[in-house]
Enquirer: 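I'd like to ask you about the structure that follows.
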Amino acid sequence: MAVSLNRLKKRADFLRVAGLRRKWAAPGLILQTAPSTDTEMQADSLRVGFTVSKKVGNSVCRNRARRRLKAAVGEIFPADATPGLDYVVIGRRDTLDRPYSLLLQDLRTALKRVGALRAVSVEAPKEAQAEA
RNA sequence: CCAGACGGCUGGACGGUCGCUCUCCGGGUCAAACCGGGGGGAGGAAAGUCCGGGCUCCACGGAAAUACGGUGCCGGAUAACGUCCGGCGGGGGCGACCCUAGGGAAAGUGCCACAGAAAGCAAACCGCCCGCGCCUCCUCGGAGCCGCAGGUAAGGGUGAAAGGGUGCGGUAAGAGCGCACCGCGCGACCGGCAACGGAAGCGGCACGGUAAACCCCACCGGGAGCAAGACCAAAUAGGGGCGGCACUGUCCUUCCUUGGAAGGACGAAACGCGUUUCCGCGUCGCCGCCCGGGUCGGUCGCGAGAGGCGUCCGGUAACGGGCGUCCCAGAUGAAUGGCCGUCCAACCCCGCAAGGGGGGGACAGAACCCGGCUUACAGGCCGUCUGGCACC
RNA sequence: GCGCCCUUAGCUCAGUCGGAUAGAGCAGCCGCCUUCUAAGCGGCAGGUCACUGGUUCGAAUCCAGUAGGGCGCG
């Protein structure tokens with residue numbers, strides 16, 4: 001079943017997700033997660049935010065990196081990401097040149113290593129919460 | 001054909017698939033959400049934010065002045081400009097053409113290091129020369145050393161710059177002292193709207209440079225910026241009003257009908273929490289409705305414009321005018337794309353060549369809008385012109 | 001959107017209302033001292049003064065334009 005995606009927009013949310021330090025750095029991207037604080041959110045939805053800093057390049061490069069990440073998230077998250085969490089995807093310099101198939105793999109492994117991959121069953125989020 | 005100068009245009013193409021945003025139509029809904037279909041969707045620089053405007057708010061009696069900042073040959077264009085066009089002066093190039101912050105230094109002040117005698121008003125270090133004095137030599141005419149008083153700016157030397165240059169005359173030596181030419185200053189008059197150009201004649205020549213040093217003169221500038229500004233408006237906590245329920249004691253003040261109402265102070269009680277007594281903490285009415293300020297959020301501002309294209313007319317041109325035609329991005333953690341395929345260029349390699357292989361698009365992303373400037377940029381195309389070579 | 005500042009040796013900074021050799025400390029190299037090292041002493045080298053133009057006789061300094069970096073306000 002698919003999950004509906006919402007956008008993370010507040011600076012405070014980004015800081016909160018980064019502050020939990022639950023992250024995985026893949027060659028093409030970095031993924032951070034945290035339990036969502038949005039109580040009104042529905043059970044089958046999640047929130048994603050994107051960060052591409054000036055280290056990546058000028059505005060054309062940053063825009064392109066963010067669009068590729070958006071496309072990758074739109075392809076993978078509805079089926080494979082655990083709902084009820086907030087995610088932050090951070091672009092790197094290699095996001096621009098990395099082949100798209102590898103970028104998708106990066107996102108899957110990042111979801112797995114961060115403990116938010118739905119295909120690994122329901123155990124993973126509990127472990128993650130226990131660690132936190 | 002080679003080399004070069006100037007101006008303009010362009011800034012990959014096609015297809016598949018999955019998406020985003022705005023809008024229109026149809027369906028759907030109380031209204032939305034949503035579904036289907038059609039259409040629009042980054043740039044010449046969107047950039048830097050260096051100027052000029054529109055727009056909005058604030059301030060202000062029209063405004064002027066001071067301070068501060070800016071501009072700075074002349075004329076024109078323009079809403080305006082530090083922009084553009086045309087012209088002038090100066091410099092560079094064989095040339096097409098290019099560069100040029102280019103007002104005022106006799107309004108005043110400052111500075112011109114080192115070197116040099118002297119650096120801004122004339123002055124005189126080594127020199128040169130006349131005269132006088134002393135001494136020496138002597139072919140008895142003079143020559144030389146030293147000193148004193150003067151005359152000089154030719155020569156030497158310093159410097160970025162030393163108060164016109166060259167030649168002839170002249171003189172004790174010299175000197176615009178005189179003359180010729182060149183330069184310089186003033187300049188009647190002529191041409192030009194002007195900047196400026198030409199120029200008879202006059203002047204023996206003075207008035208160094210620096211204003212991107214202070215400054216003077218002329219002109220321009222009120223301040224802030226779409227996060228401007230306007231509107232709608234949640235939860236929570238304050239403020240105000242109305243109504244209902246509850247309302248224990250003492251004291252004080254005020255008002256009115258034995259009693260009650262309003263406000264204030266004090267303590268207690270009550271209620272809630274900590275299991276209870278004790279003790280501690282919290283509450284001083286509670287509930288409902290309405291009003292106002294205001295935050296998150298949302299809507300407007302927000303794209304028909306100093307607009308694009310075509311054509312005609314005026315103007316050397318910048319530009320202006322008439323007519324016709326078109327509607328051409330509107331996001332807000334921020335859309336305009338992700339992926340795949342084919343092809344055409346740059347570029348690299350092999351080859352004398354035809355060709356073959358690799359490779360993969362430059363700079364760069366709207367944020368209220370417009371006019372410029374500046375900066376970045378793989379390349380491609382077009383036009384005008386200059387110099388040279390060859391041929392007719 | 002608006003306002004301001006900085007760039008000088010490998011590093012941290014002087015010099016910034018113009019004047020000819022651009023300085024200081026640390027670091028580096030050489031020598032002295034010491035059994036050796038550190039410290040100390042003496043010496044040496046090291047600079048397109050961010051870049052490009054311009055003004056001036058003369059520019060790190062003044063002016064203009066770029067590039068990079070930093071700060072502040074809403």
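Chain letters run A, B, ... following the sequence lines, proteins first and then strands; every chain starts at 1.
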Enquirer: For B:rG338, take OP1 and OP2 only and decide whether either is under 4.0 Å from a side-chain N or O of A:Arg64.
Expert: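 Yes, A:Arg64 has a side-chain N/O under 4.0 Å of OP1/OP2 on B:rG338.
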Enquirer: Quick one: do A:Leu104 and A:Leu69 end up in the same hydrophobic cluster if we chain Ile, Leu, Val, Met, Phe, Trp and Tyr together by side-chain heavy atoms under 4.5 Å apart?
Expert: yes
Enquirer: Hunt down the Watson-Crick or G-U wobble partner of B:rA5, both distances under 3.5 Å, from any strand shown, or write none.
Expert: B:rU384
Enquirer: So how far is it from A:Lys70 NZ to A:Asn63 CG, rounded to the nearest 0.5 Å?
Expert: 9.0 Å
Enquirer: With a 3.5 angstrom cut-off on both distances, give the Watson-Crick or G-U wobble partner of B:rG310, or none if there isn't one.
Expert: B:rC323
Enquirer: Closest to the A:Arg66 side chain: B:rA366, B:rA335, B:rG333?
Expert: B:rA335
Enquirer: A side-chain contact here means heavy atoms from C-beta on lying under 4.5 Å apart; do A:Phe50 and A:Leu8 qualify?
Expert: no
Enquirer: Under 4.0 Å between any heavy atoms, over every strand shown, what does A:Ser101 touch: base, sugar-phosphate, or nothing? Just pick one.
Expert: nothing
Enquirer: Rounded at 0.5 Å granularity, tell me how far NZ in A:Lys54 sits from CZ in A:Arg62.
Expert: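 The distance works out to 6.0 Å.
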Enquirer: Do A:Leu103 and A:Arg68 come close enough that some side-chain heavy atom pair is under 4.5 Å?
Expert: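 A side-chain contact under 4.5 Å exists here.
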Enquirer: With both distances kept under 3.5 Å, what pairs with B:rG288, Watson-Crick or G-U wobble?
Expert: B:rC242
Enquirer: Distance check: side-chain N/O of A:Arg62 vs OP1/OP2 of B:rG365, anything under 4.0 Å?
Expert: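 Checking B:rG365 against A:Arg62, no side-chain N or O comes under 4.0 Å of OP1 or OP2.
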Enquirer: Which base sits across from B:rG44 as a Watson-Crick or G-U pair, both distances under 3.5 Å?
Expert: none
Enquirer: Which base, if any, makes a Watson-Crick or G-U wobble pair with B:rA353, both distances under 3.5 Å?
Expert: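 For B:rA353, the partner nucleotide comes out as none, under the 3.5 Å rule.
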Enquirer: Of the nucleotides B:rG365, B:rC296, B:rC339, which one has an atom closest to the side chain of A:Arg68?
Expert: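 Between B:rG365, B:rC296, B:rC339, the one nearest the side chain of A:Arg68 would be B:rC339.
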Enquirer: Let's test this: given Watson-Crick or G-U wobble pairing with both distances under 3.5 Å, identify the partner of B:rG142.
Expert: B:rC137
Enquirer: Taking the side chain of A:Val60 as heavy atoms from C-beta outward, which of B:rA364, B:rG333, B:rA335 is closest to it?
Expert: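 From the listed options, B:rA364 comes nearest.
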Enquirer: Assuming nearest nucleotide by heavy-atom distance, tell me which of A:Cys61 and A:Val52 is located more 5' along RNA chain B.
Expert: A:Val52
Enquirer: For A:Phe14 and A:Ile90, run side chain to side chain contact (heavy atoms under 4.5 Å, CB included): C-alpha distance rounded to whole Å, both residues' side-chain angles, the deciding distance at 0.1 Å, then the answer.
Expert: CA-CA 11 Å; A:Phe14 281 82; A:Ile90 300 175; over 6 Å; no
Enquirer: C:rG69 phosphate, OP1 or OP2: any side-chain N/O from A:Lys54 under 4.0 angstrom?
Expert: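 False: A:Lys54 side-chain N/O out of range (4.0 Å or more) of C:rG69 OP1/OP2.
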Enquirer: With rounding to whole Å, what would you report as the distance between B:rC215 and B:rA230 at their P atoms?
Expert: 43 Å
Enquirer: Report yes if a side-chain nitrogen or oxygen of A:Arg67 is closer than 4.0 Å to either non-bridging phosphate oxygen (OP1 or OP2) of B:rU336; otherwise report no.
Expert: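 Checking A:Arg67 against B:rU336: at least one side-chain N or O falls below 4.0 Å of OP1 or OP2.
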Enquirer: Taking atom types as modelled, find out whether A:Tyr100 and A:Glu75 have a side-chain donor-acceptor pair closer than 3.5 angstrom.
Expert: yes
Enquirer: Both atom distances under 3.5 Å, Watson-Crick or G-U wobble: I'd like the secondary structure of RNA chain C as a dot-bracket string, with | for pairs made across strands.
Expert: ((((((((.[[[[.)...(...]]]].(((((.......))))).....[[[[[..)....]]]]]))))))).
